[in-house]
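Structure, as structure tokens:
Lettering of chains follows the sequences in order, A, B, ..., and the numbering in each one begins at 1. Keep in mind it's a predicted model, so treat the numbers as computed, not measured.
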There are 2 protein chains.
Amino acid sequence: MIEEVILFQIDKTSKVAKQYSQREFDRLGLEITVEQWILLKIVHESNDISQKELAEKSLRDPASITRTLDLLQKKELINRLPIPENRRQYSIDLSKKGVVFIKTNMPLVDAHRKKSIEGLSEKEQRNLNELLKRIQENMS
Amino acid sequence: MIEEVILFQIDKTSKVAKQYSQREFDRLGLEITVEQWILLKIVHESNDISQKELAEKSLRDPASITRTLDLLQKKELINRLPIPENRRQYSIDLSKKGVVFIKTNMPLVDAHRKKSIEGLSEKEQRNLNELLKRIQENMS
DNA sequence: AACTATTAATTGATATATCAATAATTGACA
DNA sequence: TGTCAATTATTGATATATCAATTAATAGTT
């Protein structure tokens with residue numbers, strides 16, 4: 001039975017959590033997807049990040065990053081700055097609006113993260129992380 | 001840092017594992033996606049399953065199931081059988097070709113599953129499963 | 001029986017995932 | 001220095017995810 005496969009349960013957990021956050025985003029009218037939030041957050045945490053680096057950090061395809069950044073640019077949440085040292089790449093950063101957006105909604109996202117691990121001790125969390133890392137290693 | 005968020009690591013693990021399997025499928029010329037394999041497998045494990053039930057078991061949207069079944073039907077791996085008791089729904093089952101496909105490739109998929117949990121003791125596997133279930137509960 | 005609500009599947013629209021191909025730029029090095 | 005290789009971002013094609021709207025069929029109610 002497929003429900004007994006650990007990879008299936010990992011995927012299920014990921015889906016359930018994303019759906020939970022997306023529903024909350026929608027309910028509060030954030031007009032953003034979870035994937036878009038993750039990109040914004042990485043940009044917020046980084047200095048002068050390129051699209052290639054964004055793809056690596058977010059574990060997504062460069063082609064997909066291009067398209068999502070187009071949307072975020074349309075929403076005026078990010079800027080693509082040409083950099084003189086290398087005219088092949090852009091430096092991505094948050095617009096003022098983007099910074100405000102992150103600061104305003106970070107508490108909500110933090111609440112989701114806390115809720116996801118409710119009832120798990122520190123030790124259980126570390127343990128889970130470690131087991132996940134080992135599976136990642138096995139599959140790479 | 002987003003790498004420290006457990007949900008991020010869960011998602012990463014899911015992605016890495018899917019990519020691993022997909023690469024193997026491609027390398028061996030199976031001409032099928034991982035999502036398609038999962039649907040086939042559920043159909044194989046079920047008797048007279050409807051699309052609605054398939055959506056629930058696979059944790060996917062009914063609209064998405066419709067489209068993936070269209071593809072699997074084009075590949076002649078499944079049949080949609082009209083059922084007289086309820087003409088709104090179909091009974092999905094594997095074609096002969098589909099049964100052969102599953103039987104031929106199941107050992108490969110089993111190998112992937114085993115590889116994913118290589119080095120994890122029975123106890124660690126149970127523990128992981130239990131922690132994942134608790135997170136699923138938290139997010140539902 | 002007639003009306004209404006519900007259900008199963010489909011379709012449309014938009015966002016994302018992935019691979020392949022391409023364009024522009026930069027790097028390597030003979 | 002000029003050619004070829006590698007790099008970064010984009011675009012096209014196809015598959016999947018999700019929501020909303022629609023269609024056809026069935027269930028429930030009076």
Side-chain angles (χ1 to χ4, degrees), chain A residues 11-12 14-27 29-40 48-56 58-75 78 80-92, chain B residues 11-12 14-27 29-40 48-75 77-78 80-92:
Chain A
D11 190 46
K12 176 171 181 178
S14 177
K15 281 181 174 168
V16 166
K18 259 186 207 162
Q19 285 161 354
Y20 178 91
S21 290
Q22 190 64 62
R23 272 197 309 272
E24 286 284 289
F25 282 10
D26 294 347
R27 189 173 66 77
L30 262 61
E31 298 194 320
I32 198 179
T33 68
V34 170
E35 302 304 332
Q36 288 170 16
W37 170 271
I38 292 171
L39 272 203
L40 283 185
D48 287 336
I49 194 166
S50 69
Q51 298 188 196
K52 176 182 150 61
E53 291 167 328
L54 259 180
E56 285 161 3
S58 63
L59 312 168
R60 291 174 55 187
D61 194 272
S64 195
I65 299 297
T66 292
R67 283 152 185 148
T68 300
L69 288 182
D70 288 346
L71 294 171
L72 291 173
Q73 210 167 12
K74 237 179 255 167
K75 293 184 214 266
I78 61 131
R80 274 182 171 103
L81 304 174
I83 64 177
E85 311 90 66
N86 188 341
R87 284 182 298 168
R88 271 175 317 196
Q89 57 183 30
Y90 297 103
S91 167
I92 312 297
Chain B
D11 190 45
K12 177 172 180 177
S14 177
K15 280 181 174 167
V16 167
K18 258 185 208 166
Q19 286 161 355
Y20 178 90
S21 290
Q22 190 65 62
R23 271 196 311 272
E24 285 285 290
F25 282 10
D26 294 347
R27 189 174 66 78
L30 263 61
E31 299 195 319
I32 197 178
T33 68
V34 171
E35 302 304 332
Q36 288 169 16
W37 170 272
I38 293 171
L39 273 202
L40 283 184
D48 286 337
I49 194 165
S50 68
Q51 297 189 195
K52 176 180 150 61
E53 291 167 327
L54 259 180
E56 285 160 5
K57 281 224 181 196
S58 63
L59 310 169
R60 291 174 55 187
D61 194 90
S64 194
I65 299 297
T66 292
R67 283 154 184 146
T68 301
L69 288 182
D70 288 346
L71 294 171
L72 291 173
Q73 208 166 13
K74 235 178 257 167
K75 293 183 215 267
L77 293 169
I78 61 132
R80 275 181 170 104
L81 304 173
I83 63 176
E85 311 90 65
N86 188 341
R87 283 182 299 169
R88 272 175 316 196
Q89 57 184 32
Y90 297 103
S91 168
I92 312 298

Original post:
Between atom CG in B/L54 and atom P in D/dT16, what is the gap in whole Å?
Top reply: 13 Å
**OP:** With DNA chain D as reference, determine whether B/K75 or B/L59 sits nearer its 5' end, using the nearest nucleotide of each.
**Re:** B/K75
Original post:
How would you label the contact of B/Q22 with the nucleic acid (heavy atoms, under 4.0 Å): base, sugar-phosphate, or nothing?
Top reply: nothing
Original post:
So does B/D61 pair up with B/R67, basic N to acidic O under 4.0 Å?
Top reply: no
Original post:
At under 4.0 Å, does any side-chain N or O of B/Q89 touch on OP1 or OP2 of C/dT7?
Top reply: no
Subject >> Under 4.0 angstrom between B/T33 side-chain N/O and D/dA15 OP1 or OP2 >> reply: no
**OP:** Let me know the distance between CZ of A/R87 and P of D/dT7, rounded to the nearest Å.
**Re:** 19 Å
**OP:** Remember a base hit wins even if backbone is also touched, and classify A/L71 as base, sugar-phosphate or nothing at under 4.0 Å, heavy atoms.
**Re:** sugar-phosphate
**OP:** Please report, rounded to the nearest Å, how far the C1' atom of D/dA20 is from the CG atom of B/D61.
**Re:** 11 Å
Subject >> Between C/dA17 (P) and B/R60 (CZ): distance, integer Å >> reply: 15 Å
Subject >> Distance-minimising heavy-atom pair for A/S50 and A/Q89 >> reply: CB-OE1, 3.9 Å
Original post:
A/K18 versus B/D11: any side-chain heavy-atom pair under 4.5 Å?
Top reply: yes
Subject >> Interatomic distance, A/Q19 CD vs C/dT16 P [rounded to whole Å] >> reply: 15 Å
**OP:** Counting heavy atoms from C-beta on, name the nucleotide in C/dA24, D/dA24, C/dC19 closest to the side chain of B/R88.
**Re:** D/dA24
Original post:
Can you check whether B/R67 has a side-chain N or O nearer than 4.0 Å to OP1 or OP2 of C/dT11?
Top reply: no
**OP:** For B/L40 and D/dT16, give me the distance from atom CG to atom C1', rounded to whole Å.
**Re:** 15 Å
Original post:
Taking atom OG1 of B/T33 and atom CG of B/D26, what is their separation to the nearest 0.5 Å?
Top reply: 9.5 Å
**OP:** Tell me what A/R23 touches on the nucleic acid: a base, only sugar-phosphate, or nothing, going by heavy atoms under 4.0 Å.
**Re:** nothing
Subject >> Closest to side chain of A/P62, choosing from D/dT18, D/dT26, D/dT10 >> reply: D/dT10
**OP:** Report the nucleotide, chosen from C/dT11, D/dT16, D/dT26, that has the shortest atom-to-atom distance to any side-chain atom of B/T66.
**Re:** C/dT11
**OP:** Counting heavy atoms from C-beta on, name the nucleotide in D/dA17, D/dT8, C/dT16 closest to the side chain of B/S64.
**Re:** D/dA17
**OP:** Mind checking B/N86 for me? I need base, sugar-phosphate or nothing, with any heavy atom below 4.0 Å counting as a touch.
**Re:** sugar-phosphate
Original post:
Between A/P84 and B/E53, who's closer to the 5' end of DNA chain C by nearest nucleotide?
Top reply: B/E53
**OP:** Go through D/dT16, C/dT11, C/dA8 for me and flag the one nearest to the B/A63 side chain.
**Re:** C/dT11
**OP:** Supply the atom-to-atom distance A/L40 CG to A/E35 CD, rounded to the nearest 0.5 angstrom.
**Re:** 12.0 Å
**OP:** Would you kindly give the CZ-to-P distance between A/R27 and D/dC19, to the nearest whole Å?
**Re:** 15 Å
Original post:
Relative to the 5' end of DNA chain D, which residue comes earlier, B/V34 or A/Y90, by the nucleotide with the nearest heavy atom?
Top reply: A/Y90
Original post:
CD of A/Q36 versus C1' of D/dA17: gap in Å, rounded?
Top reply: 14 Å
Subject >> Point-to-point distance, once rounded to the nearest 0.5 Å, from CD of B/Q36 to CG of B/L30 >> reply: 11.0 Å
